[in-house]
Amino acid sequence: MTTAKVAITLPTEVLKSAKKQVTAGRAKSLSAFISEAVDEKLRRDELEKLLDAWDAQHGAPKKGAQRWAKKVIARSSSTQER
């Protein structure tokens, strides 16, 4: 992947927290951490657009379906943490 160097401004506390994540080994560098965060935001925005289009075409999910999905997501999240 081609990369480009940029200058960004972050709130001091956000920068401190990001650096702690790197120090804790959750990212190999500050650049990698920020790149992953931006990529995740872009993917979530794209997913939100897809879900909005789905809702526009098929209607919003019913309450029962929403409860079911939340249970599945919670179960999946707890399984991944183990």
Side-chain angles (χ1 to χ4, degrees):
M1 175 192 317
T2 304
T3 60
K5 193 169 196 169
V6 298
I8 61 170
T9 302
L10 298 173
T12 304
E13 290 305 312
V14 171
L15 179 59
K16 284 181 185 178
S17 295
K19 286 181 176 181
K20 285 180 183 178
Q21 296 295 309
V22 174
T23 301
R26 294 188 184 97
K28 83 177 162 182
S29 68
L30 185 57
S31 291
F33 183 83
I34 291 170
S35 178
E36 289 172 16
V38 171
D39 185 59
E40 181 177 333
K41 171 72 168 119
L42 294 170
R43 289 173 187 262
R44 284 177 179 257
D45 288 352
E46 187 62 29
L47 177 59
E48 186 174 344
K49 286 180 194 176
L50 290 171
L51 292 173
D52 287 346
W54 178 271
D55 287 350
Q57 185 174 358
H58 301 285
K62 305 288 188 250
K63 295 293 181 189
Q66 290 178 13
R67 283 192 300 273
W68 173 84
K70 287 179 182 179
K71 286 180 186 177
V72 170
I73 290 169
R75 192 176 324 134
S76 174
S77 296
S78 66
T79 302
Q80 289 177 1
E81 291 174 4
R82 294 179 187 172

| field | Qualifying side-chain hydrogen bond (donor to acceptor under 3.5 Å, both in side chains) pairs, either residue in residues 20-42, two or more places apart | value | Asp39-Arg43, Glu40-Arg44, Lys41-Asp45
| field | side chain to side chain contact (heavy atoms under 4.5 Å, CB included) between Val14 and Thr12, worked out | value | CA-CA 5 Å; Val14 171; Thr12 304; over 6 Å; no
| query | Rounded to the nearest 0.5 Å, how far apart are CD of Gln66 and NZ of Lys62? | reply | 10.0 Å
| said: Which residues end up grouped with Trp54 if you chain together Ile, Leu, Val, Met, Phe, Trp and Tyr wherever their side-chain heavy atoms are less than 4.5 Å apart? | reply: none
| field | By salt bridge (charged side-chain N to carboxylate O under 4.0 Å, His left out) - contacts of Lys19 (at least two apart) | value | none
| Set of residues satisfying salt bridge (charged side-chain N to carboxylate O under 4.0 Å, His left out) with respect to Glu13, sequence neighbours excluded | Lys16
| query | What's the shortest heavy-atom distance between Ala60 and Asp55, and which atoms? | reply | CA-OD1, 3.9 Å
| message | Who clusters with Leu47? Use side-chain heavy atoms, under 4.5 angstrom, across I, L, V, M, F, W and Y, and order the result by chain and number. | response | Leu51
| remark: ring-ring contact (aromatic ring centres under 6.0 Å, His included) pairs touching residues 19-38, sequence neighbours excluded, are none
| remark: Heavy-atom closest pair (Leu15 atom, Leu30 atom, distance to 0.1 Å) is CD1-CD2, 3.8 Å
